[in-house]
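What follows is a single structure, written as structure tokens, with notes after it.
For clarity, every value in this text was computed on a predicted model and none was experimentally measured.
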Amino acid sequence: MKHIYLLLILLCVSCQSRQQITAPISTIDSTLQTNATAILESKLSEINAQSGQVIIMEVQSGQIKALVGLTRKDSTNYQSCENFSVWQSTGLMHPISLLVALETGKVKLSDKVDTGNGIYQVHGRELKDHNWHRGGYGELTIQEGLAASSNIAIYKTMEKAFGNNPQSYFDLLANMSYGKPDSITGIANLKPAHFITPKDNNWTKTAFVWSSIGYNQHVSPIQILTFYNAIANNGKMIQPQLYKDSVVVINPQIASRASIDSLKKALVFNVTDGLGQPAKSDKVVVAGMQGTSSLSTNEDSTKDMYAVEFCGYFPTDNPKYSIIVSINKTGLPASGGLMAGDIFKKIIDNIISYEE
């Protein structure tokens, strides 16, 4: 009888051991999660925002180290929410469109583009830069245009690269796996990114203008971060993970190394000399991009709503972490650099202090 009891005990221990081995292990670093939550909540309260999220990811592995989502609870407090599948336009499209243009070989960062007085007529519609009321930027290099968040500089670059064939832009985007992944274990309701293309019935003459700067699409911040992480990773796109597993490669090379290197240079310039300067850290060289986009629709719930965002990575010479900060707020002022970029900087400084 003793032998039977001993055998049963051994079997139970064996089963428990197997369960422990196979149980999923979270990638979240509790300290980074706590600190990122506090930094985000402080800024949301300061700027009276509706909601926001911060995602910190390891560049090489795709492991998510912090996944913070907050939404307004009442006039003074915020509460956690799982808003990571939020599906909206993005203000972070400029570098992505520029990478697509660089891949054609028809443009380079040093090319000049004339943004004029900050208002550009396209098929009867006005495309404006944020400083149009101050007379615009005039002539800039493409790199300077990116650092100035110039919509006109980006779209004129698209015109030069793609001419009357916008479908080739979308074909290149698809080859780069932009908008991936379609799903992530642990993030509920994530949907594949959706874009309006020339193949759709609701495509218009002016659609390419707005597509190239982040409109006419629905994409989630984690999908934008996945693309920026690939830039940091020299072109290799990695599947984000919330549970530790072997690395999954979505796309081994989203673009040529030459195009990636050019864009990385431009993203550093944006932080050192451009509107990304609020994200600049005294402790490490960082690269990234700010963005502000209107989320207004015909519905009252989105009236005067803006997304202010910053996405980037550090250190630039051997990137370890990529980070996205995305905030939804009502009314002006709305600045991706000043608002989301400030959070980005504070998180980086916090990570460096934590790891010292």
- prompt: Can you tell me how far the CD1 atom of Ile152 sits from the NE2 atom of His130, to the nearest 0.5 Å?
  reply: 10.5 Å
query: Do the side chains of Tyr155 and Ser212 get nearer than 4.5 Å, heavy atoms only?
result: yes
field: Chi angles and distances behind the side-chain hydrogen bond (donor to acceptor under 3.5 Å, both in side chains) call for Ser281, Asp349
entry: CA-CA 7 Å; Ser281 170; Asp349 289 346; 2.7 Å; yes
query: Does Asp111 pair with Lys108 as a salt bridge, N-O distance under 4.0 Å?
result: yes
query: Are any of the side-chain heavy atoms of Thr185 and Leu242 separated by less than 4.5 Å?
result: no
task: Inspect the surroundings of CG in Asp171 and state if more than 12 heavy atoms from other residues, nucleotides or ligands are less than 6.0 Å away.
output: yes
Ring-face cation contact, Tyr120 with Lys156, 6.0 Å cut, 45° max: yes
field: Sidechain-backbone polar pair: Asn35 side chain, Leu32 backbone, donor-acceptor under 3.5 Å
entry: no
Under-4.0 Å salt bridge between Asp74 and Arg72: no
Within-4.5 Å side-chain heavy-atom neighbours: Ser61 and Gln241: no
query: In terms of heavy-atom contacts, does NZ of Lys264 have more than 12 from other residues, nucleotides or ligands at under 6.0 Å?
result: yes
message: Quick check for you: to the nearest 0.5 Å, what is the distance between His94 atom NE2 and Gln290 atom CD?
response: 9.5 Å
Proximity of Phe208 and Tyr169 rings by center, below 6.0 Å: yes
Short side-chain to backbone donor-acceptor contact, Ser45 and Ser42, under 3.5 Å: no
query: Which distance, rounded to the nearest 0.5 Å, do you find between the CG of Asp200 and the CG of Asn216?
result: 9.5 Å
- request: Verify, without hydrogens or angle tests, whether Thr71 (side chain) and Ser51 (backbone) share a donor-acceptor contact under 3.5 angstrom.
  value: no
query: Within a strict 4.5 Å, meaning less than it, do heavy atoms of the Thr90 and Ile96 side chains meet?
result: no
message: Consider side chain to side chain donor-acceptor pair (under 3.5 Å). Of Glu355, Glu58, Lys65, which one does Tyr321 pass it with?
response: Glu355
message: Parallel, tilted or perpendicular: which one describes the rings of Tyr178 and Phe227, with boundaries at 30° and 60°?
response: perpendicular
field: Lys265, NZ: over 12 other non-hydrogen atoms inside 6.0 angstrom
entry: no
- prompt: Is a side-chain donor or acceptor of Glu103 paired with a backbone partner of Ser256 at a separation under 3.5 angstrom?
  reply: yes
Ser26 backbone acceptor or donor facing Gln63 side chain under 3.5 Å: no
message: Using a 3.5 Å distance criterion without hydrogens, assess whether the side chain of Gln223 forms a donor-acceptor pair with backbone atoms of Lys191.
response: yes
- request: Taking all heavy atoms of Gln88 and all of Ser326, pick out the closest pair and write down the distance.
  value: NE2-OG, 4.4 Å
